[in-house]
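Just so we're clear, the structure is a prediction, and the values are computed from it rather than from any experiment.
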Amino acid sequence: MFERIVIPDGRLPLFGPFPHAIRAGDLLFVTGQLSEDPETGAMELGPIEDQTRRVMENLQIVLAAAGTSFDRAVMARVFITDLRDFEAMNRVYSSYFEAGKLPCRTTVGVVGLAGKGHVEIDLIVYCGETGEA
């Protein structure tokens with residue numbers, strides 16, 4: 001199975017020429033999300049906690065459109081413009097996952113992000129059969 005997933009009706013506008021996610025077999029690759037308002041596309045540039053919350057809510061919108069959720073995430077990549085915000089971002093990020101069921105993760109400090117946001121997160125999600133270890 002190979003499927004491009006784009007949120008309909010202009011919700012969660014894209015910053016570029018790519019889909020919100022691609023399902024390839026049992027894996028879902030979710031495009032990095034920023035702190036944009038899902039209705040207007042305007043960036044929300046408040047404190048890092050608010051930006052991270054908006055990013056996670058945007059990811060949740062994409063996951064729901066693909067018929068899955070955070071509990072199936074296997075890998076996350078976090079891009080953050082100020083590593084001094086690392087702990088504050090982590091507190092919000094981790095609150096979206098069940099205790100003890102966080103995905104693997106890479107965090108990268110970057111000079112800038114599209115839309116002038118300060119945090120961007122993408123995901124790889126397993127959509128195959130469940131079989132918790």
Side-chain angles (χ1 to χ4, degrees):
M1 167 191 271
F2 185 89
E3 174 188 12
R4 286 179 178 82
I5 297 166
V6 177
I7 309 296
D9 304 322
R11 187 145 193 241
L12 203 57
L14 290 162
F15 266 102
F18 43 78
H20 290 96
I22 291 180
R23 184 185 317 269
D26 289 340
L27 295 176
L28 179 72
F29 299 86
V30 181
T31 295
Q33 295 298 306
L34 296 159
S35 61
E36 63 181 305
D37 180 289
E39 302 301 327
T40 67
M43 291 297 293
E44 297 179 6
L45 299 176
I48 196 68
E49 294 89 348
D50 294 346
Q51 286 191 48
T52 305
R53 195 168 294 104
R54 178 75 267 153
V55 167
M56 297 302 287
E57 292 295 320
N58 289 349
L59 286 167
Q60 203 162 38
I61 290 168
V62 177
L63 293 173
T68 191
S69 61
F70 284 118
D71 65 336
R72 305 299 304 270
V74 295
M75 182 68 187
R77 288 186 302 180
V78 176
F79 302 90
I80 190 167
T81 60
D82 189 341
L83 289 171
R84 292 174 292 190
D85 291 330
F86 184 76
E87 291 304 320
M89 178 276 302
N90 270 335
R91 281 190 297 277
V92 175
Y93 166 88
S94 63
S95 73
Y96 282 81
F97 298 94
E98 188 176 328
K101 294 193 176 183
L102 291 161
C104 294
R105 190 175 100 187
T106 298
T107 302
V108 180
V110 296
V111 174
L113 294 167
K116 301 197 179 8
H118 297 287
V119 63
E120 180 173 357
I121 302 172
D122 65 21
L123 296 173
I124 300 172
V125 180
Y126 180 68
C127 296
E129 296 296 319
T130 59
E132 298 264 338

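Atom OG1 of Thr40 sits about 10.5 Å away from atom CG of Leu12, to the nearest 0.5 Å. Taken to the nearest 0.5 Å, the CG atom of Asn90 stands 8.0 Å off from the CD1 atom of Ile80. Note that the NE2 atom of His20 and the CG atom of Leu28 stand 12.5 Å from one another [nearest 0.5 Å]. Annotation: the span from Lys101 atom NZ to Arg72 atom CZ amounts to 10.5 Å, rounded to 0.5 Å.
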Identify all side-chain donor-acceptor contacts of residues 58-65 below 3.5 Å with residues at least two apart in sequence or on another chain.
| residue | atom | partner | partner atom | Å |
| --- | --- | --- | --- | --- |
| Asn58 | OD1 | Arg54 | NE | 3.1 |
| Asn58 | OD1 | Arg54 | NH2 | 3.1 |
| Asn58 | ND2 | Leu34 | O | 2.9 |
| Asn58 | ND2 | Glu36 | O | 2.9 |

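When side chains are defined from C-beta on, Met75 does not count as touching Pro103, because their heavy atoms never get closer than 4.5 Å. Using a 4.5 Å heavy-atom threshold, the side chains of Ser35 and Val55 count as touching. Under the 4.5 Å side-chain criterion, counting only non-hydrogen atoms from C-beta, Glu44 is not in contact with Asp50.
Side-chain atoms of Gln33 do not come within 3.5 Å of backbone N or O of Met56 as any donor-acceptor pair.
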ask   = Between Tyr126 and Leu27, does a side-chain contact (heavy atoms from CB on, under 4.5 Å) hold up when you go through it step by step?
value = CA-CA 5 Å; Tyr126 180 68; Leu27 295 176; 4.1 Å; yes
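Note on residues 109-126: pairs passing salt bridge (charged side-chain N to carboxylate O under 4.0 Å, His left out), not counting sequence neighbours, are Arg77-Asp122. Applying the salt bridge (charged side-chain N to carboxylate O under 4.0 Å, His left out) rule to pairs touching residues 7-28 yields Glu3-Arg23, Arg11-Glu39, sequence neighbours excluded. Pairs passing the salt bridge (charged side-chain N to carboxylate O under 4.0 Å, His left out) check and including a residue from residues 79-95, sequence neighbours excluded, read Asp82-Arg84.
Note: the hydrophobic cluster containing Ile22 does not contain Ile124 (ILVMFWY, side chain heavy atoms under 4.5 Å, direct or indirect links). Both Val78 and Val125 are part of a single hydrophobic cluster, where members link through side-chain heavy atoms under 4.5 Å apart. Val108 is connected to Leu113 through a chain of hydrophobic side-chain contacts under 4.5 Å among Ile, Leu, Val, Met, Phe, Trp and Tyr, so both are in one cluster. Under the 4.5 Å side-chain contact rule for hydrophobic residues, Phe70 and Ile7 share a cluster. At a threshold of 4.5 Å between side-chain heavy atoms, the hydrophobic network of Ile, Leu, Val, Met, Phe, Trp and Tyr places Met89 and Val92 in one connected group.
Under the rule for a side chain to side chain donor-acceptor pair (under 3.5 Å), the partners of Glu57 that lie at least two apart in sequence or sit in another chain are Tyr96. Residues forming a ring pair (Phe, Tyr, Trp, His ring centres under 6.0 Å) with Tyr93 (at least two apart in sequence, or on another chain): Phe97.
Of the residues Val110, Ile121, Val119, the one that meets the side-chain contact (heavy atoms from CB on, under 4.5 Å) test with Phe79 is Val110.
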